[in-house]
S.K.: 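Before anything else, here's the structure in question.
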There are 2 protein chains.
Amino acid sequence: MFSKSCEYAIKASIFIAQKREGVQCVRVKEIAKGINAPEHFVAKILQELSRKKVISSMKGPNGGFCMSEAQINKPVLDIVLLIDGDGILNNCVLGLEHCSSSNPCPMHLEYQKIKLGIKNMLEKNTIRDFNNLLVAKEAVLFTD
Amino acid sequence: MFSKSCEYAIKASIFIAQKREGVQCVRVKEIAKGINAPEHFVAKILQELSRKKVISSMKGPNGGFCMSEAQINKPVLDIVLLIDGDGILNNCVLGLEHCSSSNPCPMHLEYQKIKLGIKNMLEKNTIRDFNNLLVAKEAVLFTD
DNA sequence: ATAATAAAAGATATTTTACTCTTTTATTAT
DNA sequence: ATAATAAAAGAGTAAAATATCTTTTATTAT
Ligand code: SF4
Ligand code: SF4
């Protein structure tokens, strides 16, 4: 469904939202540990999220990654679009390249419903929504 | 969503179901052309489907791949499970490895609905169902 | 100013997925 | 029997995704 990069991006964002108290930053090392992902790999992903203003970053001591209230309130879709592109919303289940509703693949009608569900899930839910479950201890970001 | 192999497997199966009149076989070359896929790649995939009895095959002149009525009436899920495994039904959106409903990831509740939809789509629809749309010219397997 | 810290950037390595090419085996028509 | 046909099998290549390692740059505390 998502690329590994995208999974890490979502989990990292939720982790930052959760850890951050006030305006304090959280370091990649801690993030990587908290979501059980390779440190330098998530670093690269977070750099991109930062460049695109989905999260914020600070260099030097006490530096790290953080998110503003506004950033935490963004839908998860924003992250997905940034990392994986819009394929999940637009691509075909069967990989047809130039299909249309007037010339659909056999699975189109059935798959449309799924795609709508996915779109809904990703744009109705914010980083905060998923973070809330974490804070309420109704969910985790890490198992082993 | 599906691997390329799986996309080809589904499209090829529908193509065989559609082309096959009586017990006649259809050659890989024709199949590959009909679904716009690399010939030797689909050959390999079809060999596996054949080994696992999801389709049938015959060597020599007039040989090729074909499907029995029973095979055509199987749900598309059978093909997916064979090629991609059950990941699509069981894996986590966020890639947690040992999660459970009692220790779910933040997206679990939302994602459960999607997964159920996918499962439904794949087990309620047979190769025949999708082939019917093709025969009725309400769908295509190939665009360019 | 200096040293320590942590992200940014870039280069390299590994693994998985996708695809191609060649040889072998089974079947059939002549 | 023989030649033609088409799948089966196997080896090899290419590209993309994932992961690691190293160097540079910005920030801050001393
Ligand atoms: S018709 Fe719909 S499901 Fe089919 S290829 Fe196009 S977008 Fe995908
Ligand atoms: S709880 Fe559900 S969505 Fe989350 S990782 Fe497990 S299966 Fe996936």
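By convention in this document, chain letters (A, B, ...) are assigned in the order of the sequence lines, proteins followed by strands, and residues within each chain are numbered from 1. On a predicted model such as this, the values are computed, not experimentally measured, just so you know.
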S.K.: Determine whether a donor-acceptor pair (one donor, one acceptor, N or O, separation below 3.5 Å) exists between the side chain of B:K59 and the base of C:dT25.
M.R.: yes
S.K.: Before giving the answer on side chain to side chain contact (heavy atoms under 4.5 Å, CB included), spell out for A:S56 and A:Q71 the whole-Å C-alpha distance, their side-chain angles and the decisive distance to 0.1 Å.
M.R.: CA-CA 9 Å; A:S56 306; A:Q71 287 168 333; 3.3 Å; yes
S.K.: Would you sort out whether A:R128 and A:E69 count as a side chain to side chain contact (heavy atoms under 4.5 Å, CB included), showing the intermediate values?
M.R.: CA-CA 9 Å; A:R128 176 179 304 281; A:E69 288 298 306; 2.6 Å; yes
S.K.: Taking the side chain of A:M58 as heavy atoms from C-beta outward, which of D:dT27, D:dA9, C:dA7 is closest to it?
M.R.: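 My answer, after comparing the listed nucleotides, is D:dT27.
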S.K.: Heavy-atom distance under 4.5 Å between the side chains of B:L77 and B:L89, does that happen here?
M.R.: yes
S.K.: Would you name the heavy atoms of B:S5 and B:F41 that are closest together and state the gap between them?
M.R.: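 In terms of heavy atoms, the two residues are closest at OG-CZ, 3.5 Å.
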S.K.: Please tell me whether A:S100 and A:N103 have a donor and an acceptor in their side chains that are separated by less than 3.5 angstrom.
M.R.: no
S.K.: Less than 4.0 angstrom between a side-chain N/O of B:Y8 and OP1 or OP2 of C:dA18, yes or no?
M.R.: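 No.
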S.K.: What's the shortest heavy-atom distance between A:F130 and A:N125, and which atoms?
M.R.: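 Closest pair (atom of A:F130, atom of A:N125, distance): CZ-CB, 3.5 Å.
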S.K.: Return the minimal non-hydrogen interatomic distance between A:I35 and A:Y8, and the atom names on each side.
M.R.: CD1-O, 3.8 Å
S.K.: Any side-chain heavy atom of A:L46 within less than 4.5 Å of one from A:S57?
M.R.: no
S.K.: The side chain of A:N62 lies closest to which of these nucleotides: C:dA8, D:dT28, D:dA8?
M.R.: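 Looking only at heavy atoms from C-beta outward on A:N62, the closest nucleotide is D:dT28.
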S.K.: Write down the distance between NZ (B:K44) and P (D:dA11), rounded to a whole number of angstrom.
M.R.: 11 Å
S.K.: Starting from C1' on C:dC19, measure out to NZ on B:K4 and report it in whole angstrom.
M.R.: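 My rounded result for the distance is 12 Å.
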S.K.: Nearest whole angstrom, please: distance from the C1' of D:dA26 to the CZ of A:R51.
M.R.: 16 Å
S.K.: Whole-Å distance between D:dG10 P and B:I45 CD1?
M.R.: 17 Å
S.K.: What is the distance, rounded to the nearest whole Å, between atom CZ of A:F41 and atom P of D:dT20?
M.R.: 9 Å
S.K.: Which residue is it: A:I79, A:I55, A:N132, A:V54? I am looking for the one with a side chain to side chain contact (heavy atoms under 4.5 Å, CB included) to A:I127.
M.R.: A:I79
S.K.: Nearest whole Å is fine: how far is C:dT27 P from B:R27 CZ?
M.R.: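 Result: 18 Å.
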S.K.: I need the CZ-C1' distance between A:F65 and D:dA26, as an integer number of Å.
M.R.: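 So the CZ-C1' distance, A:F65 to D:dA26, works out to 13 Å.
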S.K.: On the nucleotide D:dA6, are OP1 or OP2 found under 4.0 Å from the side-chain N or O atoms that B:S57 carries?
M.R.: no
S.K.: Among residues 79-96 of chain B, which residues get a heavy atom nearer than 4.0 Å to DNA chain C?
M.R.: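 Result for residues 79-96 of chain B: none.
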S.K.: Which helical stems does DNA chain D take part in, if a stem means at least 3 consecutive Watson-Crick or G-U pairs with both distances below 3.5 Å?
M.R.: C:1-30 with D:1-30
S.K.: What is the distance, to the nearest angstrom, from the NE2 atom on A:H40 to the P atom on C:dA7?
M.R.: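 Atom-to-atom, A:H40 to C:dA7, this comes out as 11 Å.
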S.K.: Between A:F2 and B:K29, which is nearer to the 5' end of DNA chain D once each is assigned its nearest nucleotide?
M.R.: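 Nearest nucleotide further toward 5': that of B:K29.
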S.K.: On DNA chain C, check which nucleotide each of A:P61 and A:A43 is closest to and give me the residue with the more 5' one.
M.R.: A:P61
S.K.: Using a 3.5 Å distance criterion without hydrogens, assess whether the side chain of A:T143 forms a donor-acceptor pair with backbone atoms of B:L96.
M.R.: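 Not at all, since once roles are kept as given, no pair shorter than 3.5 Å links the two residues.
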S.K.: Does D:dA7 have OP1 or OP2 sitting under 4.0 Å from an N or O in the side chain of B:S50?
M.R.: no
